[in-house]
There are 4 protein chains.
Amino acid sequence: MANYMDSVDKIEKKKYISEKTLELISKKGLANFTMEDVAVACNVSKGSLYNYFKNKNALIVAAFTALMEKMLHFFEEKTSDSTSDCLEKSADIYTQIYSEILSSFPSSDLLRLLEILLNSTHDPSMMQSLTKTFKDYYNKILSNFEKIFKSKSSALMLQAMFDGLVIYKAFGVEISDEEIQENVRKIVLCLAK
Amino acid sequence: MANYMDSVDKIEKKKYISEKTLELISKKGLANFTMEDVAVACNVSKGSLYNYFKNKNALIVAAFTALMEKMLHFFEEKTSDSTSDCLEKSADIYTQIYSEILSSFPSSDLLRLLEILLNSTHDPSMMQSLTKTFKDYYNKILSNFEKIFKSKSSALMLQAMFDGLVIYKAFGVEISDEEIQENVRKIVLCLAK
Amino acid sequence: MANYMDSVDKIEKKKYISEKTLELISKKGLANFTMEDVAVACNVSKGSLYNYFKNKNALIVAAFTALMEKMLHFFEEKTSDSTSDCLEKSADIYTQIYSEILSSFPSSDLLRLLEILLNSTHDPSMMQSLTKTFKDYYNKILSNFEKIFKSKSSALMLQAMFDGLVIYKAFGVEISDEEIQENVRKIVLCLAK
Amino acid sequence: MANYMDSVDKIEKKKYISEKTLELISKKGLANFTMEDVAVACNVSKGSLYNYFKNKNALIVAAFTALMEKMLHFFEEKTSDSTSDCLEKSADIYTQIYSEILSSFPSSDLLRLLEILLNSTHDPSMMQSLTKTFKDYYNKILSNFEKIFKSKSSALMLQAMFDGLVIYKAFGVEISDEEIQENVRKIVLCLAK
DNA sequence: CATGAATGAGCATTCATTCAT
DNA sequence: GATGAATGAATGCTCATTCAT
């Protein structure tokens, strides 16, 4: 029981550290946050971090997982009450969800997600860990959209479009929201046909 | 004239260094390549690099520009002979181009592009430089697609989708190429309506 | 208590490093000593120095403080037993102290003090730190002479003269010690009037 | 004649470079000015500087000489019309000169002089060059004051006091100008007795 | 003589990781 | 388990000096 409690504690503490790390990565950037930063933010000694995570990369992977979890919750919340058999209605619902997400979604999270992902490109073992988590969570997120579309690839492609647009927006490509919404609606309808 | 020759030389050497740097970033990663690496790759002393670029960031910006140039050429080549007034034909052409690109495009280039872009997120001055270049080139790339669609936002959204899919693919999300092509065709047609 | 011990240790180690640094500055010069030199002299890794001092400048400030401390002790020792109400006697005592100091004082210390001070001229934050320390210690040193003169400005001006003469001597201006002593005596008497 | 003209040109150019260097040292500090800075300020290529001066140290020595020249002119101007046989009048004149100097003298010049001098401490050959120049010019400066005092050591000691006070002032030691003037007058009179 | 590109030794600083307590 | 001092390899950047043109 002491053991049980301890291990629970340890898991919770790992989670706590992961989330603080995620905050730090968001604030300072993947390339600029230090183990020292994490230790201070968690009110823990630098050495202690190594009792919870093998090394900095393991900590990044954990933070990445926390990020995916956060995203999953966000999308689940948005898509929970939105199933419909009627095509037109589905299109409306999706377009609406999409609009909401595009306006409310903390795009910095997506940016961070990609930042971590892309930085792993040159470290095979790192990339492997992240890829696994990424696929798992993205499949879950997409499965929620499948409910609307009844087609996996459609959901996937719209999600891809969504990601691309968020990036473009972040880096200054100008887009008219109205035109996009109109097009999204068209696409949803035509893909469902 | 000596001046003219010199400045031409200098510009060419800058370009040469930029391209070597791009290779290095691709091979070792943005976070892992060093000025030493660049110097060795260019067969030049480390100090000399600083006669051409103010600092490492300036060099990265130059490499990024070289990358955008490379991408522009790639897309221009693919889209050069592809205008048509007939809608169906346009759809076919775009779908075909898209397929070609998706199969032949060195997706690592896009990954690299995004890696550089996203890493700049926490350095305002860096981000500013990159954003400017990014917008300029992306507009040029998109303008080629506009010729096919006669609509800017459509081209933009398809390009966004394209980018998103390349990322997904790189990180292991499984996609059926046939389904995607079918959907692309549908979307092109419906957007053109 | 562990904390207390630690902080005492840390303070002592800082002092130790400061003094070694001062030695190095004296030996190699402010412009020529390196952090590497300090690390080797202290039998410590270069990185460790940065656990004690934020940067090289902070270390220089600490060394400067150690130097002022050393000077203060020197002057206090010389002036400790030298109060008198009789004017003539005061003049004798001061003249004697002055002679002793001029012959025994390690003028290189004063040279070092000024070297550090003057080099800070172009670094405002550095100058601020040094100026504060300088004023504090010089006031203490002067206050010992005030006891002899009962006048602050007199002490100050004689001290200034002393500093100037030490510099002149160091740089080869020839001075007759006897004449100087005679003049000092005159000045002390006339200032006291 | 071409040769003659050239050598005149060369001497003048050296002087020009020396003075520009002095300006740079004043502006950026001895430790921070670069050969590049000098080249730019003189509108000359970096390589050319080495046709005029063997190395950076030689340039510093030349700048130092230019500084001493400047100081000499300053003092000569101030002391030119100030000889008198009457003691009281001499005291008045000296006190007045002293006041003028203390208020009008660009103390940064003296600071610079000492900065250069003290930084040479650890480079024997450098120190030798500077010391020689320093002694020569200081003797000339002092000889002007001797005219007032008819005593070399008196002039020397007052000058030393002056230098010391300028330093103190620069580094924040507070001094009452009135008290100083009063004391100077006393000292001048007593030393002349 | 003038140039300025090239050099390369040199240095401050950072930071993940370790380990004795 | 927790700590934090110590480490030391790694790296961006500077700058006096040289030399081919």
Side-chain angles (χ1 to χ4, degrees), chain A residues 6 9-10 13 31-40 42-60, chain B residues 2-3 5-7 9-10 13-14 31-39 42-60, chain C residues 2-3 5-7 9-10 13 31-39 42-60, chain D residues 2 6 9-10 13 31-40 42-60:
Chain A
D6 283 357
D9 277 2
K10 183 153 187 176
K13 198 142 193 182
N32 306 115
F33 89 98
T34 69
M35 295 303 270
E36 174 82 28
D37 290 333
V38 178
V40 168
C42 296
N43 216 17
V44 159
S45 80
K46 227 192 314 182
S48 279
L49 295 177
Y50 288 83
N51 289 329
Y52 294 100
F53 300 95
K54 198 182 122 236
N55 53 29
K56 199 185 184 186
N57 274 358
L59 183 52
I60 291 173
Chain B
N3 276 339
M5 285 307 290
D6 284 353
S7 69
D9 279 0
K10 187 154 189 175
K13 195 140 193 183
K14 282 188 78 163
N32 306 116
F33 89 98
T34 71
M35 294 303 271
E36 174 81 29
D37 291 334
V38 178
C42 296
N43 214 20
V44 158
S45 79
K46 226 195 312 185
S48 278
L49 296 178
Y50 289 85
N51 289 332
Y52 293 98
F53 300 94
K54 199 180 127 242
N55 53 30
K56 198 184 183 186
N57 273 359
L59 183 51
I60 292 173
Chain C
N3 277 338
M5 284 308 291
D6 284 355
S7 68
D9 278 2
K10 188 154 189 175
K13 194 142 193 181
N32 306 115
F33 88 98
T34 70
M35 293 304 270
E36 175 82 29
D37 291 334
V38 178
C42 296
N43 212 21
V44 157
S45 79
K46 225 194 313 184
S48 278
L49 296 178
Y50 289 84
N51 289 331
Y52 294 97
F53 301 93
K54 199 180 127 241
N55 53 31
K56 199 184 184 186
N57 273 358
L59 183 52
I60 292 172
Chain D
D6 283 354
D9 278 0
K10 183 155 188 176
K13 197 143 193 181
N32 307 116
F33 88 98
T34 69
M35 294 303 270
E36 174 83 29
D37 291 333
V38 178
V40 168
C42 296
N43 215 18
V44 159
S45 79
K46 226 191 317 182
S48 280
L49 295 177
Y50 288 83
N51 290 327
Y52 294 99
F53 300 93
K54 197 181 125 239
N55 53 29
K56 200 186 183 187
N57 274 357
L59 184 50
I60 291 172

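Protein chains get the first letters and strands the later ones, always in sequence-line order, with residue 1 at the start of each.
- E/dG4 atom P lies 16 Å from atom CE of D/Met35, rounded to whole Å.
- Residues passing the side-chain contact (heavy atoms from CB on, under 4.5 Å) test with A/Ser45 are A/Ser48, sequence neighbours excluded.
- Remark: B/Lys46 pairs with no residue by the side chain to side chain donor-acceptor pair (under 3.5 Å) rule, at least two apart or across chains.
- Residues A/Phe53 and A/Ile60 fail the side-chain proximity criterion, which asks for heavy atoms closer than 4.5 Å.
- Nucleotides of DNA chain F nearest to D/Phe33 and B/Asn57 differ in position, and the one nearer the 5' end is that of B/Asn57.
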Show me the protein contacts with nucleotides 6-10 of chain E, counting only N or O atoms at under 3.5 Å.
unit_1: E/dA6; atom_1: OP1; unit_2: B/Lys13; atom_2: NZ; d: 3.0
unit_1: E/dA6; atom_1: OP1; unit_2: B/Tyr52; atom_2: OH; d: 3.2
unit_1: E/dA6; atom_1: OP2; unit_2: B/Tyr52; atom_2: OH; d: 2.4
unit_1: E/dA6; atom_1: N7; unit_2: B/Asn51; atom_2: ND2; d: 3.2
unit_1: E/dT7; atom_1: OP2; unit_2: B/Ser45; atom_2: N; d: 2.9
unit_1: E/dT7; atom_1: OP2; unit_2: B/Ser45; atom_2: OG; d: 3.3
unit_1: E/dT7; atom_1: OP2; unit_2: B/Ser48; atom_2: OG; d: 3.0

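- B/Lys14 places its NZ atom 12 Å from the P atom of E/dA5, with the value rounded to the nearest Å.
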Watson-Crick and G-U pairing of DNA chain E, under 3.5 Å, as dot-bracket with | and [ ]: .||||||||||||||||||||
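- Within 4.0 Å of D/Phe53, counting heavy atoms only, lies no atom of the nucleic acid at all.
- We find that CG of A/Asp37 is positioned 12 Å from C1' of E/dA16, with the value rounded to whole Å.
- For the pair D/Lys13 and D/Tyr52, the NZ or CZ position fails the cation-pi test of under 6.0 Å to the six-membered ring centre and within 45 degrees of the ring normal.
- The distance from the CG atom of D/Asn51 to the NZ atom of D/Lys10 is 6.5 Å, given to the nearest 0.5 Å.
- For the OP1/OP2 pair of E/dT13 and a distance below 4.0 Å, the side-chain nitrogens and oxygens of C/Lys56 include no atom meeting the criterion.
- With sequence neighbours excluded, the residues satisfying side-chain contact (heavy atoms from CB on, under 4.5 Å) with A/Tyr50 are A/Met35.
- Summarising the geometry of B/Asp37 relative to B/Asn32, their closest heavy-atom pair is OD2-O, 3.9 Å, with the distance given to 0.1 Å.
- With rounding to whole Å, A/Asn55 atom CG is found 14 Å from E/dC15 atom C1'.
- Atom OG1 in D/Thr34 sits 7.0 Å away from atom NZ in D/Lys56 (nearest 0.5 Å).
- The nearest whole Å value for the distance from the CD atom in D/Glu36 to the C1' atom in F/dC15 is 9 Å.
- Here A/Asn55 pairs with A/Asn57, A/Ala58 under the side-chain contact (heavy atoms from CB on, under 4.5 Å) rule; sequence neighbours left out.
- We find that CG of B/Asn32 is positioned 15 Å from C1' of F/dA9, with the value rounded to whole Å.
- What separates CG of C/Asp9 from C1' of F/dA5 is a distance of 11 Å, to the nearest Å.
- For the pair B/Leu59 CG and F/dC13 C1', the computed distance is 13 Å after rounding to whole Å.
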